[in-house]
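These numbers come from the heavy atoms of this one structure, side chains and all, not from hydrogens, waters or symmetry mates. Bear in mind the structure is a predicted one, so any value in this text is a computation, not a measurement.
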Amino acid sequence: MRITVRFFASLREITAIDSIEIDLPHGSGSGDVMLALRDDLDPDALAAIEGDQVKVAVNQVILRTEQNLNDGDEVAFLPPITGG
């Protein structure tokens, strides 16, 4: 199955990627996306998206637990948000 992975704000700057399409086996979950990205991202970019404060969203819904993916899904990595 093919999914779209998007990076936002500082994560887009670190990865130098706005979005990328990746192929995953049917039955893959949101956690499998990180494994699939290991070939496309350098170690600093991987470390950034693996951070504790980074949120993962599937189809614009922020995940709290692992979720199974479907063909055509969008997975987004969102950096911590600060404000004042």
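A distance of 5.5 Å separates CZ in Arg12 from CG in Asp18, rounded to the nearest 0.5 Å. Distance CG/Asn70 to OG/Ser28: 10.5 Å, rounded to 0.5 Å.
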Check against side chain to side chain contact (heavy atoms under 4.5 Å, CB included), Val58 and Leu63: CA-CA 7 Å; Val58 173; Leu63 300 182; 3.6 Å; yes
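The stretch residues 53-62 participates, sequence neighbours left out, in these side-chain hydrogen bond (donor to acceptor under 3.5 Å, both in side chains) pairs: Asn59-Asp73. Counting only residues at least two apart or on different chains, the ring-ring contact (aromatic ring centres under 6.0 Å, His included) pairs with a member in residues 26-79 are Phe7-Phe77. Residue pairs meeting the salt bridge (Lys or Arg N to Asp or Glu O under 4.0 Å) criterion with at least one member in residues 62-71, sequence neighbours excluded, do not occur. Among residue pairs with one or both ends in residues 29-43, those qualifying as salt bridge (Lys or Arg N to Asp or Glu O under 4.0 Å) are Arg38-Glu50; sequence neighbours excluded.
Note: the hydrophobic cluster containing Ile3 also contains Met34 (ILVMFWY, side chain heavy atoms under 4.5 Å, direct or indirect links). Side-chain heavy atoms closer than 4.5 Å link hydrophobic residues (I, L, V, M, F, W, Y) into clusters, and following such links, possibly through other members, connects Leu37 to Ile17. In terms of hydrophobic clustering, with Ile, Leu, Val, Met, Phe, Trp and Tyr side chains grouped at heavy-atom distances under 4.5 Å, Ile14 and Val54 are assigned to different clusters.
Cluster partners of Leu78, using a side-chain heavy-atom cutoff of under 4.5 Å among ILVMFWY residues and allowing indirect links, are Phe8, Ile62.
Judged by distance alone, the side chain of Thr15 and the main-chain N or O of Leu11 form a donor-acceptor pair under 3.5 Å. Side-chain N or O atoms of Ser19 include none that pairs as donor or acceptor with a backbone N or O of Val5 at under 3.5 Å.
Nearest heavy atoms, Asn68 versus Gly27: OD1-O, 4.2 Å.
Residues satisfying the salt bridge (Lys or Arg N to Asp or Glu O under 4.0 Å) test with Glu74, not counting sequence neighbours, are Arg6.
With contacts defined as side-chain heavy-atom distances shorter than 4.5 Å, the pair Leu69/Val33 qualifies. Contact annotation: the side chain of Asp23 never approaches that of Met1 to less than 4.5 Å [non-hydrogen atoms, C-beta and beyond].
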